[in-house]
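For the numbers below, each heavy atom of this structure counts, side chains included, while hydrogens, waters and symmetry mates do not.
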Amino acid sequence: MAEVYLVAVLVSMIKLKSISLMTVDIGLYLFFLFLFIFLLTVRFFNPHDVWHKELIK
Amino acid sequence: MRTKENNQIFCDVCATLQSTRKKCKICGNRIYARKPYSLLKTLLYTLSAFIMLIPANLLDMMSSIKLTVEYPQTILGGIMWFYEEGDYFLAFIVFFASIFIPIFKILALIWLLIMAKIGKNRFSYFSTKLYKIIEFIGKYSMLDIFVVTIMTGFMQFGNLIHIEAGGAVIPFALVIIFTMLATQNFDTKLLWDEK
Ligand SMILES: [Zn+2]
């Protein structure tokens with residue numbers, strides 16, 4: 001769901017830009033970083049590993 | 001999964017074959033050959049989603065209040081706003097997430113219900129693919145809800161300007177939740193059962 005939130009942030013930024021002046025700060029870049037690491041975590045996590053210790057390499 | 005030969009059921013949580021019918025001996029997960037009341041639950045959630053689709057599109061998604069003058073905006077209004085601003089790409093994304101996906105999901109669920117009722121046929125492969133697609137794209141319709149959340153959070157400057165969530169937010173969130181529940185409760189194995 002985090003990547004959907006990213007798209008929502010970008011859409012809101014464009015909407016807000018029409019109302020007032022807006023600058024991008026470090027938080028947005030940190031959010032990109034979080035998203036990237038989060039996706040990696042989701043990608044490599046396999047819930048079946050909890051039950052099969054002998055299969056983990 | 002139940003193999004017809006030895007009557008064993010596959011546990012989705014710990015990935016082992018189990019011979020009991022109620023609880024997995026290893027992880028305690030409830031196991032069943034087919035999801036219980038799968039078609040009934042899917043049908044009811046799909047119908048609920050369809051009913052909620054009407055207020056979601058007719059009521060306002062959010063309204064900006066500038067100096068006590070209210071500017072309400074429906075889902076379609078928001079898309080038209082992007083279109084008029086010249087942001088065709090964003091207009092397309094919001095249209096895709098907020099209008100196309102919910103309607104496509106409801107139609108796909110109706111198709112899946114009919115196919116599951118018939119049992120294994122020449123569309124079974126296609127239907128399974130379709131299920132995978134609606135399971136994946138479902139979360140993208142949360143986009144508009146997130147946008148409203150962010151906008152209302154940012155724009156709170158009292159009477160000068162502030163943004164309020166409209167009446168369509170809850171019906172629209174319900175459309176998404178109901179279609180997600182319908183997808184979750186649908187059992188793809190029913191598409192492959194010989195009737
Ligand atoms: Zn188990």
Side-chain angles (χ1 to χ4, degrees), chain A, chain B residues 10-16 18 24-29 61-62 64-66 71 73 77-79 81-82 84-98 101 136-157 160-163 176 180:
Chain A
M1 204 81 105
E3 66 272 27
V4 185
Y5 196 71
L6 174 72
V7 182
V9 167
L10 297 176
V11 171
S12 317
M13 275 169 64
I14 289 161
K15 276 196 163 189
L16 288 168
K17 214 173 68 184
S18 70
I19 300 173
S20 60
L21 186 72
M22 201 182 55
T23 51
V24 172
D25 218 329
I26 190 166
L28 188 71
Y29 300 112
L30 289 175
F31 180 67
F32 285 146
L33 191 68
F34 152 75
L35 192 77
F36 179 67
I37 296 167
F38 180 76
L39 285 177
L40 280 184
T41 316
V42 172
R43 173 75 183 76
F44 289 118
F45 178 67
N46 180 13
H48 289 161
D49 287 347
V50 177
W51 301 96
H52 299 277
K53 210 162 63 181
E54 69 279 5
L55 292 180
I56 302 173
K57 288 194 186 93
Chain B
F10 182 75
C11 175
D12 294 323
V13 174
C14 65
T16 51
Q18 297 291 319
C24 173
K25 276 178 201 154
I26 294 170
C27 67
N29 179 37
M61 201 64 179
M62 63 181 182
S64 42
I65 296 137
K66 291 171 193 164
Y71 300 92
Q73 206 171 50
I79 297 164
W81 183 85
F82 276 128
E84 280 157 15
E85 292 280 300
D87 278 318
Y88 301 119
F89 181 63
L90 274 173
F92 173 75
I93 286 180
V94 178
F95 171 80
F96 193 75
S98 305
I101 290 179
F136 175 74
I137 62 171
K139 59 184 174 179
Y140 283 94
S141 34
M142 282 300 278
L143 179 73
D144 243 8
I145 301 287
F146 286 148
V147 169
V148 173
T149 319
I150 296 166
M151 295 289 281
T152 48
F154 265 101
M155 281 291 150
Q156 290 298 341
F157 302 110
L160 189 62
I161 182 167
H162 72 274
I163 292 176
I176 301 160
M180 274 180 170

**Student:** Taking the side chain as C-beta and beyond, is there a heavy-atom pair between A:Tyr5 and B:Met142 under 4.5 Å?
**Tutor:**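 No, too far: nothing below the 4.5 Å cut-off.
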**Student:** Which is it for A:Ser18 and B:Trp81 under the side-chain contact (heavy atoms from CB on, under 4.5 Å) test, yes or no, and what are the steps along the way?
**Tutor:** CA-CA 11 Å; A:Ser18 70; B:Trp81 183 85; 3.4 Å; yes
**Student:** When rounded to the nearest 0.5 angstrom, what distance separates CD1 in A:Ile14 from CZ in B:Phe89?
**Tutor:**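 That separation rounds to 9.5 Å.
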**Student:** Using 0.5 Å steps for rounding, measure from the NZ atom of A:Lys15 to the CD1 atom of B:Ile150.
**Tutor:**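 Those atoms lie 11.0 Å apart.
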**Student:** Using non-hydrogen atoms and a 4.5 Å limit, figure out which bit of B:Asp87 sits close to chain A: side chain, backbone, both or neither.
**Tutor:**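 Answer is side chain: those atoms of B:Asp87 sit under 4.5 Å from chain A.
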**Student:** So does A:Phe36 have more than 12 non-hydrogen atoms from other groups sitting under 6.0 Å from CZ?
**Tutor:**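 12 or below, so no.
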**Student:** Counting heavy-atom pairs closer than 4.5 Å to chain A, which one of B:Lys139, B:Glu85, B:Lys66 comes out on top?
**Tutor:**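 Ranked by heavy-atom pairs under 4.5 Å with chain A, first place is B:Lys139.
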**Student:** Under a 4.5 Å heavy-atom cut-off, does chain A meet the side chain of B:Ile145, its backbone, both or neither?
**Tutor:**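 For B:Ile145, no heavy atom lies under 4.5 Å from chain A.
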**Student:** Would B:Thr16 and A:Trp51 count as a side-chain contact (heavy atoms from CB on, under 4.5 Å) here? Give the steps.
**Tutor:** CA-CA 9 Å; B:Thr16 51; A:Trp51 301 96; over 6 Å; no
**Student:** I'd like to know whether CG of A:Leu30 has more than 12 heavy-atom contacts from other residues, nucleotides or ligands below 6.0 angstrom.
**Tutor:**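 Check passes, neighbour count above 12.
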**Student:** Find the one option among A:Val11, A:Val7, A:Leu16 whose heavy-atom pairs under 4.5 Å with chain B are most numerous.
**Tutor:**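 Option with the top pair count is A:Leu16.
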**Student:** Between B:Phe154 and chain A, which part of the residue has a heavy atom less than 4.5 Å away: side chain, backbone, both or neither?
**Tutor:**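 The answer is the side chain of B:Phe154.
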**Student:** Does atom CZ (B:Phe92) have a neighbourhood of more than 12 heavy atoms from anything else shown, all under 6.0 Å?
**Tutor:**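 Atom CZ in B:Phe92 is not crowded, with 12 or fewer foreign heavy atoms closer than 6.0 Å.
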**Student:** Where on B:Leu143 is there a heavy atom nearer than 4.5 Å to chain A: the side chain, the backbone, both, or neither?
**Tutor:**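 Looking at B:Leu143, backbone and side chain both touch chain A.
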